[in-house]
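This one's a predicted model, so the numbers in the text were calculated from it and none came from an experiment. Every heavy atom of this structure was used, including side-chain atoms; hydrogens, water molecules and symmetry mates were not.
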2 protein chains.
Amino acid sequence: MTDLAEPAHLVAPRRRDAAATRAAILEAAKRAFAVTGYDRTSLRDIAALAGSDVALIPRYFGGKEGLFTEALKATIAPDRLRDWDRRRFSRDVAEMMAGAADIADPRTRTFQFLLQAATSPTTAPLLGRAVQERFLAPIRDWLGDEAGQERARVLAAIYIGFLVERLIRGAALEGVERTAFVDRVTAVLEGVIDPQA
Amino acid sequence: MTDLAEPAHLVAPRRRDAAATRAAILEAAKRAFAVTGYDRTSLRDIAALAGSDVALIPRYFGGKEGLFTEALKATIAPDRLRDWDRRRFSRDVAEMMAGAADIADPRTRTFQFLLQAATSPTTAPLLGRAVQERFLAPIRDWLGDEAGQERARVLAAIYIGFLVERLIRGAALEGVERTAFVDRVTAVLEGVIDPQA
DNA sequence: GACAGATGTCAATGCGCGTTGACTTGGCCG
DNA sequence: CGGCCAAGTCAACGCGCATTGACATCTGTC
């Protein structure tokens, strides 16, 4: 598999501890699946990254699919949306989108993981439900909408779109295009967050 | 592989014709790759869909990767952007996004194909270049921007985002949420297409 | 300190894959 | 009509994979 640019083992040499081993495998799976996708990631890769044995994975997770779904669930954790400053949100996001996608950033890995899942017909429904519960609902609360969640939907969609664009763009934007891009993205986001402003 | 909901063979029984066979394989590959992705699609699947033999694929396309890159190139064709009515564009797109993704629609398949390519580190750069040439440039022309292409970038990103959202949403929106969604999406798109309005 | 169950190791199995090469069939041209 | 080359078929190979079950080792408990 591709280089993960990480220490050979995710964890320090540990004593016999099923829970810790399970956790190490799960963490390794989250990283590996995010970078390489479901199919290109072998259980041998994950085991090597976790510093454990391949045979433990079917035992602890019931198989590759079980590991994937559990890694998916663990990845879509309730976001720390409350931490975001509402005044700076749009501009911060815009600046982030103007940059390059950094594979070392855990959030990039998370997003790639989710995108991988979105393209597979089998995992897409599962992802849909998870996104609904753990992504859309928090955004709606954050926005303070009572009536519907269409605004959260729109915001999430736009956010995702810029992430994809950044992913396939590869490099960061520079110069005039960057500033113009940031301004426009800020305006777009602001228009959704504060429609009347 | 998953059901493609298509006739067993893409083409009528044809006589010995290398060009036609090649074309049938390529068409089958475009469909199969879009639905199942690179890894989950086997050459045997494609051959069966095209009504030909597996062994012909390495011969005609030099291998699976060759077939994929050729299918990718054939998929990113210059879009018929000029046909779109600029006044109705935003609302048409918004209505489309409020509906459900239809796998029978060739455009849905195309998009899924591209998204698949975007998530693979190896194919992402290739996709980026292709998108730049055959997607961003036409949009910029359509928008009539002289200075930069940041507006085309933003529009493309938002468009992609809604496509992804629709993909993972699965079902169509209904009732109040639908109308609210359509209105808001229309407004967002209009804000990018005609910033001063 | 010894037992027992939990934990980790290892080799082996079966399967599906892409690819290869030898073979057969078909159609065009003389 | 007959030969010849393109086009298509078929069987087989090697490889990597997930999974299994038998075996070894550690660790907490009495």
Asker: Just distance, no hydrogens or angles: give the donor-acceptor pairs under 3.5 Å from side chains in residues 161-168 of chain A, sequence neighbours left out.
Answerer:
from, atom 1, to, atom 2, distance (Å)
Glu165(A), OE1, Arg169(A), NE, 3.3
Glu165(A), OE1, Arg169(A), NH2, 2.8
Glu165(A), OE2, Arg169(A), NE, 3.4
Glu165(A), OE2, Arg153(B), NE, 2.7
Arg166(A), NH1, Met96(A), O, 3.4

Asker: Is it the case that dG8(C) (base atoms only) and Arg59(A) (side chain only) share a donor and an acceptor within less than 3.5 Å, ignoring hydrogens and angles?
Answerer: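 Check passes, donor-acceptor contact within cut-off.
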Asker: Out of dG21(D), dC10(D), dC26(D), which has the shortest distance to the side chain of Asp53(B)?
Answerer: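 Output: dC10(D).
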Asker: Relative to each other, are the rings of Phe33(A) and Tyr38(A) parallel, tilted or perpendicular (30° and 60° limits)?
Answerer: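 Phe33(A) and Tyr38(A): parallel rings.
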Asker: Rounding to an integer number of Å, can you tell me how far Phe61(B) CZ sits from dG8(D) P?
Answerer: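 Going from Phe61(B) (CZ) to dG8(D) (P), I get 12 Å.
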Asker: Quick check on DNA chain C: between Arg44(A) and Arg44(B), whose nearest nucleotide comes earlier from the 5' end?
Answerer: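 The answer here is Arg44(A).
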Asker: Could you tell me how far apart Tyr60(A) (OH) and dT20(D) (C1') are, to the nearest whole angstrom?
Answerer: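 Rounded to whole Å, this separation is 16 Å.
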Asker: Using a strict threshold of under 4.0 Å (side-chain N to carboxylate O), is an ion pair present between Glu177(A) and Arg184(A)?
Answerer: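 Looking at Arg184(A) and Glu177(A), the cut-off is not met.
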Asker: Over how many whole Å does the gap from Ile25(A) atom CD1 to dT7(C) atom P extend?
Answerer: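 Answer to the nearest Å: 12 Å.
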Asker: Look at Arg178(A) together with Glu95(A) and state whether they make a salt bridge at an N to O cut-off of under 4.0 Å.
Answerer: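 Yes.
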Asker: Can you tell me how far P of dC17(C) sits from CG of Asp45(B), to the nearest Å?
Answerer: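 Interatomic distance, CG of Asp45(B) to P of dC17(C): 6 Å.
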Asker: What contact category does Leu56(B) fall into here, base, sugar-phosphate, or nothing, at under 4.0 angstrom with non-hydrogen atoms?
Answerer: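 Contact class for Leu56(B): base.
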Asker: Roughly, in whole Å, what's the span from CG in Leu67(A) to C1' in dT19(D)?
Answerer: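 Distance, rounded to whole Å: 14 Å.
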Asker: Just how far, in rounded Å, is P of dG18(C) from CD of Glu65(B)?
Answerer: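 Interatomic distance, CD of Glu65(B) to P of dG18(C): 12 Å.
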